[in-house]
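The structure appears below as structure tokens.
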Amino acid sequence: MKSYYEHMNLPQPVLPSLQHLALLKGQTALVTGANSGIGRAIALALGRAGANVVVNYVAKPEDAEAVAAELRAAGVGAITLMADVSDETQVQAMFAAAVKKFGTVDILASNAGLERNAPFHEMSVAQWDQVMNVNLRGAFLCAREAVREYLRRGVRPEVSVSAGKIIFTSSVHEIIPWAGHVNYAASKGGLMLLMKSLAQEVAEKRIRVNSIGPGAIRTPINTAAWGTPEAYAELMKLVPYKRIGEVDEIGRAAVWLASDFSDYVIGTTLFIDGGMTLYPGFETGG
Ligand code: BGC
């Protein structure tokens, strides 16, 4: 798939390679929902930055395996582990397997998430529950296992000054209300205070908890919003920077948040949204 830059013939940013920086050498990252979209990009970026990676998935094992193969080719350790993040037993088994394989987990990218959209009066309990279970309960269960592991292990100064990092994939919709997506926005709003409260609670243990808040990023979850020229033009009314985001832009931010470059960053959501959270309606009005 061509990037937006290629598509529009725009100059592309010139960036140092993540391999070259090796910011996460000797650490292990566990990324949930790592077989597609933003999770895949986070897994690949953390691996390119030197971390071993646990590629979690719940469906399409072949996609997870392809991510792991790409990571191994980049010279880091990688395994795939199936687990439904909303299932306590499966999450615990996944962390146990990760620790058995790599010795510990240093970075959790709690990324697995989904949308089940419906007008509110038609929203089923199943749609509500599925979104809450994956987006919020799953974040709780994975973060709890990560915190337990970080507390058990403590700081390993040879790889990082912090005892561990948690990075949630949230959304601009942790603060932007979203009609027709009440379950999703509620899950992300909940995730915001899960993240901040947890960050406050475990900071003294030298555990750093933050979120990334993506805006419109080109992934399968929102193909309807960018898949046709008309939809894309509509979407751009919401994006001051006038382009859709690419998953690699999220991956690079995850590397920074996971590394000691961001050691004083605690309890923050880093919005990566081309300005979507800046009330774009006020560009021309107000
Ligand atoms: C949603 C996407 C949406 C974007 C901006 C994300 O959290 O998953 O479907 O395009 O927010 O509204």
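Note that ligands are numbered from 1 as they come in the structure, with each ligand's atoms numbered from 1 the same way.
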the protein heavy atom lying closest to atom 12 (O) of ligand 1 turns out to be His173 NE2, 2.7 Å
Quiz item: If you measure from the Lys or Arg side-chain nitrogens to the Asp or Glu carboxylate oxygens, is any gap between Glu70 and Arg48 under 4.0 Å?
Solution: yes
**OP:** Answer yes when Glu122 and Arg116 have at least one side-chain N-carboxylate O distance shorter than 4.0 Å, and no when they do not.
**Re:** no
Original post:
Just distances here: any N/O of Trp178 and N/O of ligand 1 closer than 3.5 Å?
Top reply: no
Residue, atom and distance of the protein heavy atom nearest atom 10 (O) of ligand 1 read Asn222 ND2, 3.2 Å
Counting from 1 in the order shown, the ligand 1 atoms closer than 4.0 Å to a non-hydrogen atom of Met276 are 5 (C), 12 (O)
Among non-hydrogen protein atoms, atom 4 (C) of ligand 1 lies closest to Gly215 O, 3.5 Å
**Item:** Plane angle bin for Phe282 and Tyr279 - parallel if under 30°, tilted between 30 and 60°, otherwise perpendicular
**Value:** perpendicular
- prompt: Taking distance alone, with no angle check, do Tyr184 and ligand 1 share an N/O pair under 3.5 Å?
  reply: yes
Say whether Val91 and Val58 are linked into one hydrophobic cluster, either directly or through other cluster members, by side-chain heavy-atom distances under 4.5 angstrom. no
Any donor and acceptor pair, going by atom type alone, linking the side chain of Lys242 with main-chain N or O of Met236 inside 3.5 Å? yes
The closest protein heavy-atom partner of atom 9 (O) of ligand 1 is Glu115 OE2, 2.6 Å
query = For Arg153 and Thr104, does a side-chain donor sit closer than 3.5 Å to a side-chain acceptor?
reply = yes
The atoms of ligand 1 lying under 4.0 Å from a heavy atom of Ser171, numbered in the order shown, are 6 (C), 7 (O), 11 (O)
